[in-house]
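A quick write-up on the structure given underneath.
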Amino acid sequence: MQEVQKNDLKETTTVERIIGHLSGNREGPTVVFFAGIHGNEPAGVLALKQVFKRLIAKKVDLEGEIFAVAGNLGALKKQVRFQAVDLNRIWFPERISNILSDEHNNNAEEEELKLLYGVLCKILEKGNPPFYFIDLHTTSSDTTPFIVLNDSLLNRKYASNYPLPIILGIEEYLEGALLSYINELGYVSLGFESGQHNDSKAVENCVDFIEFTLQLTDVVRTSKSDGNGFNNASHTFYEIYHQHTIGAEDIFRMFPGFTNFQEVPKGTEIAVNNDAVLKTKKRRQIFMPLYQDQGGEGFYFIRPIPKFLLWLSKELRRFKVDHLLVKLPGVQWKSDKKDTLLVDQRIARFMAKSIFHLLGYRARQFDETHLVVKSREIASRNNEYKGAGWF
C-alpha cells in the first residue's frame, strides 16, 4: 500500500496493487486498466478510484469484470518515473523468465514486474474473454488526449471507435513496453495519454476515457456517449517516422513551448543535445517532446496517414500478401511460426520499412545489412472479439 499525491489537486490517496475489481451479475468481457506504470503519472490512478467509487455508489449493473491495477508502487510513492529502470521498457519474454527465477537479483522495477506479471497471469487464467487491456498515461508536455497502439488490424478496428487521434507503430521505437507484450499474446491493448502530468484536466480526461471504454466494451449497458469530453479532438491516424534517442551519456534539453501534434516550420530550433542545437530540416509535426529528467526518448516526428493507405494495408493483410515475400530474393522466414522475416537489404534494396508496415509487420534493424520484421497480425485472437458490438 502506497500514498500517491497529485500536486496540482492537493490530493493524497492510498494505493494498493489492485485499485479496484468489480464483477457483474452476467457474463461479459474482462476489461483491465493499468495506471501508474510510471510513478510520476498518477492521473490514471486517481481517475480509476473516482470511477470505481461512482460505479459502487450508483450500483451500476455490469456485464463481465473490471480490474484496475496499479503499476510501479515504489515509484508512485516517490513521485518519480522509475527508481532503477523504466518499468515500461523491460517486458521481454526472456527477461521476464530471468526475473521470475529464484537466482536473479531483481532491482526495484523488476520486482514490480514480477508482481504485475502474477496479476496478469491470474486475470488471464480466471477471466472470461474477450479481454481488453488499457494502459493510462500522461506526458511531460502539454497535449490533447490521444491513443497509442501496436498496429494490428484488431487493435486498429477497436481503437477507431474513440473520437481521438491515434498513433500507430510506436512499438518500433519503444521496446519492452507492457502493452506490446500483451498485444503479442493476441489481445486488444492500447495506451491512453490523457494530458500533462500535473494538469488536473488529465484526471478528468482519464475519467471520460474509462467511462467511454466501459460503454464501448458493453461492460456498462448504457447509451453510448459521443466523446464530447474530449473536446471533439481530431480523429486522425498518425505514424511515427523518426525518434531522437538520448544516449546514456548525452546531455539533452528540450527548448520550452512545444506541445504534442504541433507543426513547426523548417529551421526551428527544438532542442540541445551535447551542446549541439537540433533544428528541423523540413516542416515537421512534433510529438512527445521530453520535459522531464528521466526518459530516453527526446522527441518524435509524426505524420498523418492517408485513408487510402489505411484501407490498402487492411486489404493486403486480409489477403495475406506477405506470404509471397519469401519468394523474393533476399527475404526468408526467420521463425518456424512464419511470423518473422529476415531481410537482406543488400539484395532486397527495394524492401523499405514502409512496405512492411503496410503488410502488418514491425521492422527493426538487425545489423548493418539486415532487417528483422515481425508480423503484428498472426497472434491476434480475432475470434474472441467477433461477438462484440464494435467488431
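Keep in mind it's a predicted model, so treat the numbers as computed, not measured.
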Worksheet item: Any idea which heavy atoms bring Y385 and Y187 closest together, and the distance?
Response: OH-CA, 3.5 Å
Worksheet, complete the sentence: Across all chains, not counting sequence neighbours, the ring-ring contact (aromatic ring centres under 6.0 Å, His included) partners of Y181 are W91
Worksheet item: Salt bridge or not for D86 and R81, using N-O below 4.0 Å?
Response: yes
Practice prompt. Work out which heavy atom in N183 is nearest to a heavy atom in S189; give both atom names and the distance.
Written response: CB-OG, 3.3 Å
Worksheet item: Heavy-atom distance under 4.5 Å between the side chains of T143 and T259, does that happen here?
Response: no
Worksheet item: Is a side-chain N or O of T213 found less than 3.5 angstrom from the main chain of F209, in a donor-acceptor match?
Response: yes
Practice prompt. Give a yes or no answer on whether the side chain of Q285 reaches the backbone of E263 with a donor-acceptor pair at less than 3.5 Å.
Written response: no
Discussion item. Any heavy-atom pair between the side chains of R54 and V207 that's under 4.5 Å?
Written reply: yes
Under 3.5 Å donor-acceptor pairs involving side-chain atoms of residues 308-320, not counting sequence neighbours:
| unit_1 | atom_1 | unit_2 | atom_2 | d |
| --- | --- | --- | --- | --- |
| S313 | OG | R156 | NH1 | 3.1 |
| S313 | OG | R156 | NH2 | 3.2 |
| S313 | OG | L309 | O | 3.3 |
| S313 | OG | L310 | O | 3.0 |
| E315 | OE1 | R318 | NE | 3.4 |
| E315 | OE1 | R318 | NH2 | 2.5 |
| R317 | NE | L358 | O | 3.3 |
| R317 | NH1 | D151 | O | 2.9 |
| R317 | NH1 | E377 | OE2 | 2.6 |
| R317 | NH2 | D151 | OD2 | 2.9 |
| R317 | NH2 | H357 | O | 2.9 |

Discussion item. For the backbone of G191 and the side chain of D135, can you confirm whether one donor and one acceptor N or O come within less than 3.5 Å of each other?
Written reply: no
Worksheet item: Cluster partners of F82, using ILVMFWY side-chain heavy atoms under 4.5 angstrom, listed by chain and number?
Response: none
Worksheet item: Under 3.5 Å, side chain of H235 to main-chain N/O of L164, donor-acceptor pair present?
Response: yes
Response to the item:
Sorted by chain and residue number, the ring-ring contact (aromatic ring centres under 6.0 Å, His included) partners of Y291 (sequence neighbours excluded) come out as none
Worksheet item: Can you list the residues that meet the ring-ring contact (aromatic ring centres under 6.0 Å, His included) rule with H370, with sequence neighbours excluded?
Response: none
Discussion item. Tell me every residue that passes side-chain hydrogen bond (donor to acceptor under 3.5 Å, both in side chains) with Q243, counting only those two or more places apart in sequence or in another chain.
Written reply: T245, Y300
Worksheet item: Side chains of N106 and H104: do they bring a donor and an acceptor to under 3.5 Å?
Response: yes
Worksheet item: Under the 3.5 angstrom rule, does the side chain of T30 hit a backbone N or O of N128 as a donor-acceptor pair?
Response: yes
Worksheet entry | R362 to F356 six-membered ring, cation-pi geometry met (6.0 Å, 45°) | no
Worksheet item: With a 4.0 Å cut-off, would you call R364 and E172 a salt bridge?
Response: no
Fill in: With R346 via salt bridge (Lys or Arg N to Asp or Glu O under 4.0 Å) - residues at least two apart
D344
Worksheet entry | Short N-O contact, K374 and E171, less than 4.0 angstrom | no
Response to the item:
Contacts of E94 meeting side chain to side chain contact (heavy atoms under 4.5 Å, CB included) (sequence neighbours excluded), chain-then-number -> N98
Worksheet item: Mind checking what makes salt bridge (Lys or Arg N to Asp or Glu O under 4.0 Å) contact with E109, not counting sequence neighbours?
Response: none
Discussion item. Going by salt bridge (charged side-chain N to carboxylate O under 4.0 Å, His left out), name the pairs with one or both residues in residues 187-196, residues two or more places apart or in two chains.
Written reply: none
Discussion item. Are F261 and Y238 an aromatic pair, judged by ring center distance below 6.0 Å?
Written reply: yes
Worksheet item: Hydrophobic cluster mates of L153, side-chain heavy atoms under 4.5 angstrom, ILVMFWY only, any path?
Response: none
Item to complete: Would you please indicate yes or no on a ring centroid separation below 6.0 angstrom for F212 and Y162?
Response: yes
Response to the item:
T369 meets the side-chain hydrogen bond (donor to acceptor under 3.5 Å, both in side chains) criterion, sequence neighbours left out, with D367
